[in-house]
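Structure, as structure tokens:
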There are 4 protein chains.
Amino acid sequence: MGKPPNAIRRSDKSRKATLAAALDLCAELGYSAVTVEAIANRAGASKATIYRWWPSKGAIVLEAIDEAGLAPKTFPDTDDLAADLHTQLCGILSVFTDQRLGPAFTGVLAEGQLDPGLSQELRERLIEPRLAQCYTRMRNAQDRGQLATDADLDVAMDLLHAPIYRRHVLGYPLPTPDYLDKLIEHTLRVLAPASATTSSRARRDLAEAPPNHPE
Amino acid sequence: MGKPPNAIRRSDKSRKATLAAALDLCAELGYSAVTVEAIANRAGASKATIYRWWPSKGAIVLEAIDEAGLAPKTFPDTDDLAADLHTQLCGILSVFTDQRLGPAFTGVLAEGQLDPGLSQELRERLIEPRLAQCYTRMRNAQDRGQLATDADLDVAMDLLHAPIYRRHVLGYPLPTPDYLDKLIEHTLRVLAPASATTSSRARRDLAEAPPNHPE
Amino acid sequence: MGKPPNAIRRSDKSRKATLAAALDLCAELGYSAVTVEAIANRAGASKATIYRWWPSKGAIVLEAIDEAGLAPKTFPDTDDLAADLHTQLCGILSVFTDQRLGPAFTGVLAEGQLDPGLSQELRERLIEPRLAQCYTRMRNAQDRGQLATDADLDVAMDLLHAPIYRRHVLGYPLPTPDYLDKLIEHTLRVLAPASATTSSRARRDLAEAPPNHPE
Amino acid sequence: MGKPPNAIRRSDKSRKATLAAALDLCAELGYSAVTVEAIANRAGASKATIYRWWPSKGAIVLEAIDEAGLAPKTFPDTDDLAADLHTQLCGILSVFTDQRLGPAFTGVLAEGQLDPGLSQELRERLIEPRLAQCYTRMRNAQDRGQLATDADLDVAMDLLHAPIYRRHVLGYPLPTPDYLDKLIEHTLRVLAPASATTSSRARRDLAEAPPNHPE
DNA sequence: TGTTAACCGAGACGGTACGTCTGGTCTTAGA
DNA sequence: TCTAAGACCAGACGTACCGTCTCGGTTAACA
């Protein structure tokens, strides 16, 4: 059939314009109102060119988000695990709330649930690099005795990240930074080493600190 | 303009056939391949009739799921909180895995993320009745001293339910019943009353924190 | 199937309202934009009632035109054949140009060309009664020696009436009264008795009369 | 808004298939039972393609008739005016009676009466080219002294062509060739030059009339 | 440096679903 | 039994996108 195109000769101008058009249109119209046709027009590209390089609208938008690279793929390691987790979770939150990327990411996420191929690409390009960093950071914490050696990191992942997704998916307000702190606190408490010491102190400090009622 | 139709004269036969056709087609073809046109044909209804009563494919499927009522809206209360939670979470899981309802629910969930109206309807008809039951059950547990009196039930909701959604949304395997047990155990451990045995130290620290539950 | 309704119990109010609504809507929107539904709404009748008594929109409008009875079915007989013909042809013209009936008649005429049943009804109720009068009038003229005894009255019919229809059908301006005179003059000339006398004189007078340049 | 399509890149295959399908379907089902959808299916074209190039069913069928070109647009000139007129009128008749074009032409004619745009197109593409030829032929006859120099050719047009339309429109049998001869004879008799033999008396009276041909 | 193969924009194409509309039938309740 | 009201099935309407395609025109790697 159609032989694969030669990536070397690909027009980078056209590629960039397409990705930018995709993000802009998502921000302007919402993901579902965006069509490949509109992206092509906005980008000054032809539909054939777009379909030569991407299989679907979702794939374009996914690549555009990846390229934009809002949330860093690296994970801070400041020896304060709770703070580092907070930093990272806020980074994830920002992808949902970002003016330009939010609608695009929401769209890709939704479409991925109905398109296994897109879902896999989404995991591989956006989710797992960051997840792996999180894993590594927590394993480091285990090595340093800040977490129980038998702590189940998969559970930790779920307890920390899942609430963001659940609230997004069901249309509830996303967690506030304060709420994230609460989640981190609860999670680390269960995963703390048998003789909880330093870390838990820091925790309490944070909890007692300012009378930070939300919003 | 278009005045609302008279619900009294509505054909129940047509309504039921439409809902059944919607579920069947979702199971056969997958949500995104289902069209209103196909539902109409399968149901032996006319498109006009369908659009008279539902605004979109999503609304039809949502109502069909609600009507099918796979997961019970009632929450067991056997005095064993962990077991009751497990029962309930398995009920939620079954909506995702059910042969007939799974694809439909997945579709509505995905579409809801792009359609605020559908999302709200989804919450009101499917999610919140069950969530409210869960809330009530946990409040009962608090009254009986099985949970800390100041346990943050919103956090508990997130810790228990969110992993199912996150895994579904990102295309990871859903939690197994064993994994659900693990989640429940972790969660209840943090929310256990101060007098609880294991890891009671960590518990007390947490319980001492100021009563800062917003909202 | 549906047994014929009992005409005795028919609601005359509903019938009259329907016919009036049909004519009014034709005048307001043009025949093709009128729907049975709109007629029913305007008349305060239900569609079922209308379909019980008329088979189609065309039949309603046809009956409405007949009832309105703009052009008289009787033919004047003043001993001046040309003048009588002119009177009659102007009557026919008026059906096309009448503010209220014109659009309705145009519609029925057009639809009749595609619906043999309607066409037949049209001929029987509107066309032939008037045509028969015309025939009779000309036969009288023959008896009085104003026309050749062997004049072909079918040809006369065509020569006199057809130009109106041709111009209407093709969208040309309808004949003016002056032009009708010219047609009558030409026609009577060919059908005049061998020794053309009185009639032809009157004709010439008319032709010479005023410097009647058109329009 | 919708910019006009580029006619150069138009698919001639698709165009021809559409026109053929339109004529065939008219012949098979009758004009009013034909839908644009059916034409598209039969032609193997998509509806979008059809609507890109034609505004309505009527426009398609009109172009198809024009293209089929049953009745020649040229007018014979054999020095026998009556014979030439007969030839031409038979050509017109044949458009009504042709197995394939008849139903199509009938439909366009009927629809034109309710759609001024279609009517104008009909006149410009089908009617007037032939009418102009007829005019020219008769003017030639005048030059050769076969018709009175002051004969009103507009009236002649009406007398000759109109009966066909009237009979068609009202659903009467179309004129037979013999009847056409009779019409031609009657018409030419009124328009013959003063020096003509038969019924020259009547002719002269008419010819003496003042030169009142308006328009 | 000239050839040529692959890219590119443009946009027409066959499909197909959309959401709306009308035609005609049928049901219900009321007079 | 007729009526008004209006829901119903059927299916065409004209529009919008889809993903494919053909067309010249341009560009860049290689001869």
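Residue numbers start from 1 in every chain, and the chains themselves are labelled A, B, ... in the order their sequence lines are given, proteins ahead of strands. Predicted model only: the values in this text are computed from it and were never measured.
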Here the distance between atom P of dC23(F) and atom CG of Asn6(D), to the nearest Å, is 13 Å

Q.
With a 4.0 Å limit, can you tell me whether Arg9(D) has a side-chain N or O closer than that to the phosphate oxygens OP1/OP2 of dT22(F)?
A. no

Item to complete: Would you tell me if any nitrogen or oxygen in the side chain of Thr49(B) comes within less than 4.0 Å of OP1 or OP2 on dA7(F)?
Response: no

Assert: residue with more 5' nearest nucleotide on DNA chain F, out of Ser11(C) and Glu37(D), is Ser11(C)

Closest heavy-atom pair, Tyr31(C) versus Gly58(C), reported as atoms and distance to 0.1 Å, is OH-CA, 3.3 Å

The reported gap from CG in Leu118(D) to CG in Leu109(D) (rounded to nearest 0.5 angstrom) is 9.5 Å

Taking dC8(E), dA17(E), dC18(F) as options, the one with an atom nearest any side-chain atom of Thr35(A) is dC18(F)

Per atom distances to the Ser46(B) side chain, the nearest of dA10(F), dG11(E), dG14(E) is dA10(F)

Arg10(C) atom CZ is separated from dT1(F) atom P, nearest whole Å, by 18 Å

Separation of dA10(E) atom C1' from Lys47(A) atom NZ, nearest Å, is 11 Å

Note: for Ile50(A) and Ala33(C) on DNA chain E, the residue whose nearest nucleotide lies more 5' is Ile50(A)

In whole angstroms, the gap separating C1' of dA12(F) from CZ of Arg42(D) amounts to 17 Å

Contacts of Lys57(B) and Ser14(D) projected onto DNA chain E by closest heavy atom; the upstream (5') one is Ser14(D)

Is the backbone N or O of Ile39(A) less than 3.5 Å from a side-chain atom of Lys57(A), with the two atoms forming a donor-acceptor pair by type? no

Between NZ of Lys16(D) and C1' of dC13(E) the distance, given in whole Å, is 17 Å

Separation of dG14(E) atom C1' from Tyr51(D) atom OH, nearest Å, is 16 Å

Practice item. Respond yes when some side-chain nitrogen or oxygen of Trp53(D) is under 4.0 Å from OP1 or OP2 of dA12(E), and no when none is. Key: no

Kindly indicate whether a cation-pi arrangement holds for Arg10(B) with Trp53(B), taking the cut-offs as under 6.0 Å to the six-membered ring centre and within 45° of the axis.
-> yes

Per atom distances to the Val36(D) side chain, the nearest of dA6(E), dG19(E), dC13(F) is dC13(F)

Practice item. Flag the pair Arg15(A) and Glu63(A) as a salt bridge only when some basic side-chain nitrogen lies within less than 4.0 angstrom of an acidic carboxylate oxygen. Key: yes

Rounded to whole Å, the CD1-P distance (Ile39(C) to dA4(F)) equals 14 Å

From CZ of Arg52(D) across to P of dC17(F) the rounded distance in Å is 14 Å

### Message
At 4.0 Å (heavy atoms only), tell me whether Ala48(A) reaches a base, stays on the sugar-phosphate, or touches nothing.
### Response
base

